[in-house]
Every structure is written in C-alpha cells, then in structure tokens.
Amino acid sequence: MAKKKMILDLDTGVDDALAIAYATAAPDVDLIGIVASYGNNTLDICANNSLKLLELLGQTQVPVYKGLPHSSTSDHFDVMQVSKDIHGNNGIGEVQLPEPKRQVEKESGVDFFIEAAHKYGKDLIIVPTGPMTNLAAAIEKDPEIVHLIGNVTFMGGALTVEGNVTDVAEANINQDAKAANTVLSSDLPQTMVGLDVTLRTLLTKKETQKWRDLGTKAGKAYADITDFYIDAYYNLDIDKNGCALHDPLAVGVALDPSFVTTIALHMKVNYGDKNYGRTIGDNSRLNDPNPNVNVAVNVDKDRYLKQFMSYLTGLFEKH
C-alpha cells in the first residue's frame, strides 16, 4: 500500500486509457478510484471504457463511479464529431474489448470525491483529464474539501499557446468553462498541465510496436488503441510526428512535478461570451501572495517518455 492515493476523473478516450495504465503501473501511488465524466464520449460509454480497461490490466479492484452527464450550464451533452474522429466511435480507437464483469458503483462520483478528501486529506491527489464538472460540483457541495485535498493536477487549458477548440480554449476547459473557473479560482493547490507541455510530448508507432511485440492481450490492445489515435493525429493534420500524451502526462506530473517547469499564478477561466474557455492569470489577484496554481510551461519530454514507456511496458508484459 502506497501512502499517496489517486483518483482519476476521466472522459475515457485513448489518452485517458494511457493515463489509467500509467496510474496503475506507478509504484508510488494507489489508484483508489475512477470518476467517469462526459467529453470524448457520453458518460455511460466513458464509464464502461474505464471498467473494460481496468479488467484488461488486471486491476479489477479499482472502483469506477459515475459523475455528471453534462456541463453545469447545459441540460444535455452531444459528442462532437471531431472527438469520434480522434478517439473512435467507441472512445477507444474502435478496439473491441470484452464487456466488464464489474459494474459501476452505486455511489456518485461527486460524493466519492468528498468522502476521499475527508478520509485521505493531504495524501489525496485528484487528476481530472476531462471537464471539471464533477470536481466543481464536489466543491460546491462541500467547500471544506479545497483545504483537505493534497493536490489537483489537471490536463486542460493553454496559457502560452493557442487552444485546440478555439484560438483561446482547450477542449476539456471548453466543455464546462464555468466549472473550470470554480476549480481554478478556488483555494485548491493545483498544477495545470495544458497544451503548453502536452503538445511537446509525443508518442510514435515505434513505441507502440514495442507493446505489440510483447505478445500479450494488453500490449496488443493498447498498441491498436493508440495507433488509431496516432493515425487520427496524422490524418487530421494535428501532428504528423506522433500523438500527444495529454492525459498520461498529467498523471506523471502529479507524481513527479520535476518533469515540468512551472510558473505560479492565481488563475481564472473566462465563461462569458468573450474568449469563452480561456485559462488566464487573474490580474485582480496579481499581488496576492501564495498563488495556488502552478502552470506547466516546459517539460522534460525525453525523461518523461522514458518513464512512461518503462511503466506501461512493464505493466503490459504481465497482462
């Protein structure tokens, strides 16, 4: 049993699948649960994908909870076509995995966050790699948790580069900018792992071939899932050199902050008509001491990729 406990908050698509593998392979943390979100697909499909992947990796002890099915400012959610193009219609690169034996938990993901915050306190790390809807709802339900949780390291936002949905907005933040503002402007200690660093951290088919060559179920499935993503990056002209390790980089940084260089800021998210979804420093708090968000602006990508491949290849060898 590791001292540090981690909860992933995922809209399980391809890079979320890689985040699950990284979190389960890391020796210095216990993955105590996954809270499902909407985003790369609908809530139900994302939750089911997490269950399927945990089973594939022999991690059936990790419970999956359902979060909220749509943003805090909407009453429904529709999957964007570009999400299907990048992650496949089923969210995991059109790879067919067996239906999971384990079901989602009856408790809500929002309540699980609150319960875990009170139980584990500073040892708890939360890693949201989809919309911030679930965590914002937990803060609104029990504001005390912002002073209990050890750290929130999220994949989202863009400070020094353009967004990937609009000029200013990154996809996860864009799904629910109001919720993101609730989280970023709270007192939670946070690290923002945005497009500034994830777009620099690329995986290629040279790496996925190593997984395929293992000859294991998990190695082959993860190679197929990730190759779909790499092909989508190429075909959609996102990047011809490989796919970005968005979500697993957030997990890596949550466990080893030295992978990135950060600047400390008080942050906010625009959720009005102008610059919707923009993650930016809050100039009304520029002179306030102790900024709560460390924004990653550079990454030791070679050292991270070495660690990533070591963890995942070691895990896939066994399954």
Side-chain angles (χ1 to χ4, degrees), residues 5-21 23-24 30-57 59-80 83-84 87-92 97-120 124-142 145 149 152 154-156 171-176 178-180 182-183 247 250-251:
K5 310 296 179 184
M6 181 178 284
I7 301 171
L8 298 176
D9 185 351
L10 309 175
D11 57 334
T12 303
V14 176
D15 53 333
D16 308 78
L18 296 169
I20 291 173
T24 57
D30 289 336
L31 179 62
I32 61 165
I34 292 173
V35 175
S37 188
Y38 62 92
N40 293 321
N41 216 302
T42 61
L43 174 66
D44 287 351
I45 290 175
C46 291
N48 205 42
N49 283 346
S50 292
L51 286 166
K52 287 177 178 179
L53 291 160
L54 288 167
E55 214 154 280
L56 176 71
L57 297 171
Q59 303 290 327
T60 51
Q61 80 285 1
V62 179
V64 176
Y65 301 81
K66 274 192 195 176
L68 297 162
H70 53 73
S71 81
S72 58
T73 55
S74 173
D75 57 5
H76 74 287
F77 168 72
D78 296 315
V79 184
M80 291 192 297
S83 300
K84 295 177 183 177
H87 297 273
N89 289 314
N90 70 348
I92 47 174
L97 295 176
E99 281 303 311
K101 295 183 182 72
R102 186 165 183 171
Q103 302 300 305
V104 292
E105 304 300 308
K106 288 188 169 61
E107 184 184 2
S108 79
V110 171
D111 288 341
F112 176 58
F113 276 146
I114 294 168
E115 183 186 289
H118 285 275
K119 183 173 182 181
Y120 297 110
L124 180 63
I125 303 165
I126 294 176
V127 184
T129 66
M132 295 280 205
T133 312
N134 298 325
L135 188 52
I139 292 169
E140 284 164 357
K141 188 169 183 178
D142 184 356
I145 65 170
I149 294 165
V152 171
F154 66 93
M155 191 281 125
N172 290 336
I173 302 295
N174 192 70
Q175 294 280 14
D176 194 346
K178 188 170 187 285
T182 298
V183 176
D247 297 350
V251 179

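Being a predicted model, the structure only gives us computed values, none of them experimental.
Between the side chain of Asp111 and the backbone N or O of Ser108, no donor-acceptor pair lies under 3.5 Å. When atom types are taken as modelled, the side chain of Asn134 and the backbone of Leu68 share a donor-acceptor pair closer than 3.5 angstrom. For the pair Thr42 (side chain) and Tyr38 (backbone), a donor-acceptor distance under 3.5 Å is absent.
Looking at His70 and Asp176, their side chains never bring a donor and an acceptor atom within 3.5 Å of each other. No side-chain N or O of Thr133 forms a donor-acceptor pair with one of Ser71 less than 3.5 Å apart. In this model, no donor atom of one side chain and acceptor atom of the other lie less than 3.5 Å apart for Ser83 and Asn40.
The side-chain heavy atoms of Ile34 and Leu54, taken from C-beta on, include a pair separated by under 4.5 Å. Side-chain contact between Asp11 and Asn172 is present, with heavy atoms from C-beta onward closer than 4.5 Å. Counting heavy atoms from C-beta outward, His118 and Ile145 have side chains that approach closer than 4.5 Å. You'll find the side chain of Leu124 reaches within 4.5 Å of the side chain of Ile126, heavy atoms only. Contact of the Glu115 side chain with the Glu107 side chain is registered, since non-hydrogen atoms from C-beta on lie closer than 4.5 Å. Contact annotation: the side chain of Thr129 never approaches that of Leu8 to less than 4.5 Å [non-hydrogen atoms, C-beta and beyond]. For the pair Tyr120/Ile32, a side-chain contact is recorded, criterion being any heavy-atom separation below 4.5 Å from C-beta on. Inter-residue side-chain proximity for Met6 and Val251 is flagged as met; some heavy-atom pair is nearer than 4.5 Å.
Atom-to-atom distance recorded for Ser37:OG and Lys66:NZ is 12.5 Å, nearest 0.5 angstrom. Taking OG1 of Thr24 as the start and CG of Leu31 as the end, the distance is 7.0 Å to the nearest 0.5 Å. For the atom pair CG of Leu51 and CD of Gln59, the computed distance is 13.0 Å after rounding to the nearest 0.5 Å. The distance from atom NZ of Lys101 to atom OG1 of Thr60, rounded to the nearest 0.5 Å, is 9.0 Å. The line from CG of Leu56 to CD1 of Ile92 is 9.0 Å long, rounded to the nearest 0.5 Å. The CG atom of Asn49 sits 10.5 Å away from atom CG of Leu10, with the distance rounded to the nearest 0.5 Å.
Ring geometry for Phe112 versus Tyr65: interplanar angle under 30°, hence parallel rather than tilted (30 to 60°).
In summary, of the residues considered (Asn89, Val79, Asn90), a side chain to side chain contact (heavy atoms under 4.5 Å, CB included) with Asn41 occurs for Val79 alone.
Residues passing the salt bridge (charged side-chain N to carboxylate O under 4.0 Å, His left out) test with Lys119: none are found, sequence neighbours excluded.
Counting all heavy atoms, side chain and backbone alike, Ala250 lies closest to Phe154 at CB-C, 4.3 Å. Val14 and His87 make their closest contact through N-ND1, 2.9 Å (heavy atoms, listed as atom of the first residue, atom of the second, distance). Here the closest non-hydrogen pair linking Pro100 and Lys52 is CD-CG, 3.7 Å. Contact detail for Thr12 and Ser50: the closest heavy-atom pair is OG1-OG, 2.7 Å. The two residues Val64 and Ala47 come nearest to each other via the heavy atoms CG1-O, 3.9 Å.
Between Arg102 and Glu105 there is a salt bridge, since a side-chain N of the basic residue sits under 4.0 Å from a carboxylate O of the acidic one.
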Q.
Test side-chain contact (heavy atoms from CB on, under 4.5 Å) on Asp9 and Phe113; report intermediate values, then the result.
A. CA-CA 10 Å; Asp9 185 351; Phe113 276 146; 3.6 Å; yes
